[in-house]
Amino acid sequence: MYELTKNTLKGWINEALAAAKEKGELAFSSIPDYVIEEPREKEFGDFAANAAMLMAKEARMAPRKIAEIIVSNLKTEGTFIREIHVAGAGFINFRLDGSQLVKVLEMIDEQKENYGRIDMGKGEKVMVEFVSANPTGPMHMGNARGGALGDCLASVLDWAGFDVCREFYINDAGNQIEKFANSLEARYIQELKGEDAVEFPEDGYHGEDIRVHAKNFIGLYGDSYLDKPSEERKKALVDYALKINIDALKTDLEKYRIYYDVWFHESTLHENGKAREVVDELTARGCTYEKDGAVWFKATDFGEEKDEVLVRANGFLTYFAVDVAYHRNKLIDRGFQTAINIWGADHHGHVARLKAAMAALGIDPNRLEVILMQLVRLVQGGEVVRMSKRTGKSITLNDLLEETSIDAARFFFNMRQANSHFDFDLDLAVEQSNDNPVFYVQYAHARICSILRLLAQENIAVKAAKEVDLTLLKEEQEVDLMKLLARFPEEIRSAAIAREPSRITRYVMDLAAGFHTFYGACRVKTEDMALMDARLVLVAATKTVLKNALSVLSIEAPEHM
RNA sequence: GCGCCCGUAGCGCAGCUGGAUAGCGCGUGUGACUCCGACUCACAAGGUCGCAGGUUCAAAUCCUGUCGGGCGUACCA
């Protein structure tokens, strides 16, 4: 709504500029890329344009003078503009009459659960790949953060009009799986023949879950694999345990309200030969060479500091090579215009070389976007808890969800930008106290529901926005609340552009605050029936927007608390 | 050494495609329900935007340097 108003204002200013140029009052070659913004200070009006300042240099004229010329050429009589002032360094400030803002309530009433959706993406295919935890054990706190960030980013993009695919990349091949196999095998033998029968691999997975897999495997197959060749034994153990682990990942993520469109198995890239092919393709393009028995990618040709190994001397493909194949698959074979990955910051060294490989394959590297997320530190009792999958002492996503609410966890992880260090205070999260802002937001929604319930008992219903005189909403708190409601689609846009779902979290907090302030200042249930009708429309609209914004974050909007 | 990220109020963070008096939450202090849910609201105190230069009509925002913290810099994933 307000976006429309801004465009209207811009159109008028552009006309005024053209007129001034025509009359010879102002000299310029082209209109600069100025902005219409909502000033922080209310005394400056509802909107402000900075066009005059940007033109000062070329026009060789004081910004204020230019602003005066623009204003003198503006034709706003009979429109919704109430006042225009030139202020400060040369801002043109506009004040609107009540008719514009109120339209947002009608719009919300019409669009309901779709209010906030925009067509910025125009159906473009975007993939968001996130979590992609190793299936060798349970998910940790970093996965919890990545899950909340990735899922909400995908939602934001969906609301912004993109065709979004959520994908989980299962690393079911390679070195980690080898370690997993060796660990399982050792535990299997130890279970049957005693702890000393075989040495546990030093770099293996020491977690209790490995023992549990071994025990359960024995429950099913007994010692029948003891005499089999190691390779066969390991394969059976891995096939068994991997399936259980992947199913567990799915279950845990669904509990966290994350549903993937695609679970992509790394192993398929090995089985269908695509991983090898990509090395061949790079070679055909003259981007590889052999050294010390390994095949190297000439990353230095693409601005990197050093080259990267694609095929190790032992003939195995590196993780890097497979990842190149995987991203080629995303961007070419499956036709995603953009592939966004959420990665832990410890992977950042990998970003530039993967982009370099995309460039080498003739793919615009900007189509691959990596959002780096600082790893979460878990704090309990004022002390940092080390997280390590291998010690078996880590706190898992599952633990987290048992100890706090899903709503709180998702909200918490989306309060900060991905790229900021984040201490997750478990004590606070477990407390479910009022310190947690999710309750503040949910309370606003429940409070509205309570008002509507109370009035419904007296047979007072919310009328359609069009049938009500909304211009009665003139109190400062009412106007502020309407402005907040009007902001929602723009928040979706900026969150999508910045790839930053935390903006929605912050917005929903602002909106809740705006409602609570309104509630403190204005009574909905009042003697003045016309005013009550108008306020009911405002309150119902607030409820809709709160619910919509929370749904972007997959957080519940409760009717009672 | 080199590269990336972060340094804004006591604490945790926004703001960073340059714009008018730098915001929010927690905490602290003082107030507000016989009245729509006080899980709330109002007011107040609290800042050399790490530091130093530079660009600009205008710098928390852009550039350079510097200090402090995190993370990378594997024929690991």
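A quick note: this is a predicted structure, and the numbers were derived from the prediction, not measured. Lettering of chains follows the sequences in order, A, B, ..., and the numbering in each one begins at 1.
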Expressed as a whole number of Å, how far does the [atom1] atom of [N] sit from that of [M]?
| N | M | atom1 | answer |
| --- | --- | --- | --- |
| B:C33 | B:C11 | C1' | 32 Å |
| B:C63 | B:G68 | P | 22 Å |
| B:C24 | B:C41 | P | 13 Å |
| B:G23 | B:U66 | C1' | 29 Å |
| B:G50 | B:C43 | P | 29 Å |
| B:A32 | B:A38 | C1' | 9 Å |
| B:U8 | B:G15 | C1' | 9 Å |
| B:A74 | B:G27 | C1' | 46 Å |

From the list [options], which nucleotide is the closest neighbour of the side chain of [X]?
| X | options | value |
| --- | --- | --- |
| A:Arg416 | B:A20, B:G12, B:U40 | B:G12 |
| A:Met561 | B:A77, B:G37, B:C16 | B:G37 |
| A:Gln176 | B:A77, B:A20, B:C39 | B:A77 |
| A:Asn93 | B:A77, B:C41, B:A20 | B:A20 |
| A:Tyr440 | B:U40, B:C76, B:A42 | B:U40 |
| A:Ala48 | B:G15, B:A38, B:A20 | B:A20 |
| A:Arg506 | B:A42, B:G15, B:C76 | B:G15 |
| A:Asn50 | B:C76, B:G37, B:G19 | B:G19 |
| A:Ile451 | B:C36, B:U73, B:G15 | B:C36 |
| A:Leu454 | B:C76, B:C36, B:C39 | B:C36 |

Just checking [X]: base, sugar-phosphate only, or nothing, at a heavy-atom cut-off of under 4.0 Å?
| X | value |
| --- | --- |
| A:Cys449 | nothing |
| A:Arg64 | nothing |
| A:Asp510 | nothing |
| A:Ala446 | base |
| A:Tyr519 | base |
| A:Ser450 | base |

Between [N] atom [atom2] and [X] atom [atom1], what is the distance in whole Å?
| X | N | atom1 | atom2 | value |
| --- | --- | --- | --- | --- |
| A:Met509 | B:G23 | CE | C1' | 13 Å |
| A:Gln442 | B:U40 | CD | P | 13 Å |
| A:Trp343 | B:G70 | CH2 | C1' | 19 Å |
| A:His560 | B:C39 | NE2 | P | 16 Å |
| A:Asn134 | B:C76 | CG | P | 15 Å |
| A:Asn175 | B:C76 | CG | P | 7 Å |
| A:Glu37 | B:U17 | CD | C1' | 12 Å |
| A:Phe422 | B:G70 | CZ | C1' | 16 Å |

Partner lookup for [N], please. Criteria are Watson-Crick or G-U wobble with both distances under 3.5 angstrom; report none if nothing qualifies.
| N | value |
| --- | --- |
| B:C33 | none |
| B:A52 | B:U64 |
| B:U28 | B:A44 |
| B:C13 | B:G23 |
| B:U73 | B:G1 |

Distances for protein N/O vs nucleotides 54-60 of chain B N/O pairs under 3.5 angstrom?
{"residue": "B:C57", "atom": "N4", "partner": "A:Met53", "partner atom": "O", "Å": "3.4"}

* Is A:Phe44 stacked on the base of B:A20, with ring centres under 5.5 Å apart and planes under 30° apart? -> yes
* Asked: Is A:Phe91 stacked on the base of B:A20, with ring centres under 5.5 Å apart and planes under 30° apart?
  -> yes
* Please answer whether the main-chain N or O of A:Ile555 pairs with a side-chain N or O of A:Asp407 as donor and acceptor at a distance below 3.5 Å. =>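 No; judged by distance alone, with no hydrogens or angles, the pair does not exist.
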* Asked: Should A:Arg353 be listed as having a side-chain N or O under 4.0 Å from OP1 or OP2 of B:U73?
  ->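 A:Arg353 to B:U73 OP1/OP2: no side-chain N or O under 4.0 Å.
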* Establish, with yes or no, whether the OP1 or OP2 oxygen of B:C13 is under 4.0 angstrom from a side-chain nitrogen or oxygen of A:Arg503. =>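 For B:C13, OP1/OP2 do not have a side-chain N/O of A:Arg503 under 4.0 Å.
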* Nearest-nucleotide wise, let me know which of A:Ala87 and A:His347 is further upstream toward the 5' end of RNA chain B. =>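 Nearest nucleotide further toward 5': that of A:Ala87.
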* Specify the residue among A:Glu559 and A:Ala173 whose closest nucleotide of RNA chain B lies further upstream toward the 5′ end. => A:Glu559
Under a 4.0 Å N-O cut-off, is there an ion pair linking [X] with [Y]?
| X | Y | result |
| --- | --- | --- |
| A:Lys298 | A:Asp307 | no |
| A:Lys6 | A:Glu490 | yes |
| A:Glu369 | A:Arg499 | yes |
| A:Arg506 | A:Glu491 | no |
| A:Arg353 | A:Glu304 | no |
| A:Lys330 | A:Glu167 | no |

* Asked: Do A:His85 and A:Asn93 have a side chain donor and acceptor closer than 3.5 Å?
  -> no
* Asked: Do A:Ser502 and A:Asn414 have side-chain atoms, one donor and one acceptor, less than 3.5 Å apart?
  -> no
* Structure fact -> Given protein heavy atoms under 4.0 Å, the one-letter contact record of nucleotides 2-7 of chain B, with B base, S sugar-phosphate only and - none, is simply SBBSS-
Relative to the ring of [Y], is the ring of [X] parallel (under 30°), tilted (30 to 60°) or perpendicular (over 60°)?
| X | Y | result |
| --- | --- | --- |
| A:Phe264 | A:Tyr326 | tilted |
| A:His350 | A:Trp343 | tilted |
| A:Phe320 | A:Phe297 | tilted |

* Can the positive tip of A:Lys10 be found less than 6.0 Å from the middle of the six-membered ring of A:Tyr34, inside 45° of the ring normal? ->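 The answer is yes, since A:Lys10 meets both limits relative to A:Tyr34.
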* Asked: On the ring face of A:Phe515, is A:Arg447 found with NZ or CZ under 6.0 Å from the centre and within 45° of the axis?
  ->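 Relative to the ring axis of A:Phe515, which defines the angle, A:Arg447 lies outside at least one limit.
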